[in-house]
Structure formats: structure tokens, C-alpha cells
Amino acid sequence: MMGIVRKDAGAFALLLLFVVPGSWLYLLATRDALDFGVVFVVGALSYLVLMVPVLHNEIHESRHGGYLFLAALPIGRLQLVQGKFAAPLAASIVYALQSFALFARFEAAGGALAFARACALVNLALGLCLVGLYYAGVFRFGFTAFLRYAAVVIVVIPYVAAMLLDDTVAAMLGGDIERFAWFFRSPLPAAVVAAALAAYAALMRSAARTKEVAR
């Protein structure tokens, strides 16, 4: 399983090496306080950090017969699926930690810091759900068929909708995070994260139960 994780982790590590320093340089140069602009950029990039490496890895597997090779190895179906699901989870943890470190560099009024952290975790949790749906579809239908019929629905539409929602909320609130204080003071963010992790685990088990090898 660890061999699969190390192989897939390369794409995540490469993207993080570009996204993390770039986002830090941009936000620290253009923002003085922790506001919706910072939260929006960090949240939007979380989907990019998770989905782009997954798509890259699966295109590589499809072109080079990677799943046929993995199926010939002396590992179980569950280990194969766990290896595929582990790299995005590890990347989300790394991205969350760097997001918290970035938020701490800004002046944060009132509960702005707690709100930003909650939003970052919710975005990453929803991003993991998208990754889980994507992998479940790939293992069930095969990469080519799934990408042709369903990937746009699972990858593109939720990403665009999330960006538009964040932009709309920012416009409606005029960048005033304090007006959204109820969000991070409620158990809602923790409930969303817990539900997303449970859904991710359920999707992993669903993918492991499929009989055909993804191709």
C-alpha cells in the first residue's frame, strides 16, 4: 500500500510546492488583514490541490496500464484502494496546516481567525468528498468511461459552484467576517468535517467492494 501512496504522492507534493509559496507571496503582498479575500483564495486552492493531482495520476494510470500492473502485484483489493485514498487525505492535512500558519500571519479582528480556519476545514472536507466520489466512480466504471460521463459533474460543477458561492457571500457581507460569527461558534463546521470524513471512508469501502479492476 505504501508504494502506491509514494507513487501518487509525487503529484500532490509537486503542486503543493508551487501553490503554497505562491499563495503566501500573493496574499501577504496584497492583504493586510484576514478578510474574505484571503479565505476565498485559500478555499478555492484547496480544491485545486486535491483534484488536479488525482486527475493527473489517473490519466497516467490509464495511459500506461497502471491498474493492470497493480492488479498483478501480491496485494489485496482493499490495500490498492486504501493506497489511492491515502494520498489525498495526507495532502489535505498538509494543506490545512499551512493554511492555519498563513492565517496566523495576518491581523485578525475578533473571531476572524477561527472563522477562517473553519472555512478552510470545510472546503477541504468537501474537496475530499469530491475525491472520494471520483475514485469510487473510477473503480466502479473504469477511468475512461467515468471521465467521459460523470467527471464534469463531480469535478467541474461543484468547483465552480463553490467559487461562485464564496464570491457571493463575500459580496453580500461586504467582507465583514464578524457578521458570520455564528458559523464558527456553532458545531456546524465540526459536523461538516466529521460527516465528510465518514463519507470519504464509506466511499473507500464502496470502491474496495467493486469486483473489476479500474482501467
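What's counted below: heavy atoms across the whole structure, side chains too, no hydrogens, waters or symmetry copies. Treat the numbers as computed from the prediction; the structure is a model and nothing was measured.
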Exercise. Got a donor-acceptor contact below 3.5 angstrom from the Tyr134 side chain to the Leu55 backbone?
Worked result: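 Judged by distance alone, no pair lies under 3.5 Å.
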For this session: Kindly say whether Val42 contributes a backbone atom to a donor-acceptor pair with the side chain of Tyr95 at under 3.5 angstrom?
Result: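 Yes, because the side chain of Tyr95 sits within donor-acceptor range (under 3.5 Å) of the backbone of Val42.
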How long is the gap from [atom1] on [X] to [atom2] on [Y], to the nearest 0.5 Å?
| X | Y | atom1 | atom2 | result |
| --- | --- | --- | --- | --- |
| Gln79 | Lys84 | CD | NZ | 14.5 Å |
| Leu203 | Cys129 | CG | SG | 7.0 Å |
| Leu128 | Met51 | CG | CE | 10.5 Å |
| Leu113 | Phe100 | CG | CZ | 9.0 Å |
| Leu15 | His56 | CG | NE2 | 10.5 Å |
| Phe139 | Met204 | CZ | CE | 11.0 Å |

Shortest non-hydrogen contact between [X] and [Y], atoms and distance:
| X | Y | value |
| --- | --- | --- |
| Trp24 | Gln98 | NE1-OE1, 2.8 Å |
| Leu121 | Ala96 | CD2-CB, 4.3 Å |
| Ser23 | Leu45 | CB-CD1, 3.7 Å |
| Val122 | Pro189 | CG2-CA, 4.1 Å |
| Asn123 | Ser46 | CB-OG, 3.6 Å |
| Gly132 | Phe85 | CA-CE2, 3.8 Å |

Problem set entry | 4.5 Å side-chain heavy-atom contact, Leu89 and Val131 | no
Exercise. Looking at side-chain heavy atoms only, is the closest gap between Leu27 and Leu102 below 4.5 Å?
Worked result: yes
Exercise. Is it the case that one hydrophobic cluster holds both Leu14 and Phe12, taking links as side-chain heavy atoms less than 4.5 Å apart, direct or via other members?
Worked result: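 No, no single cluster joins them.
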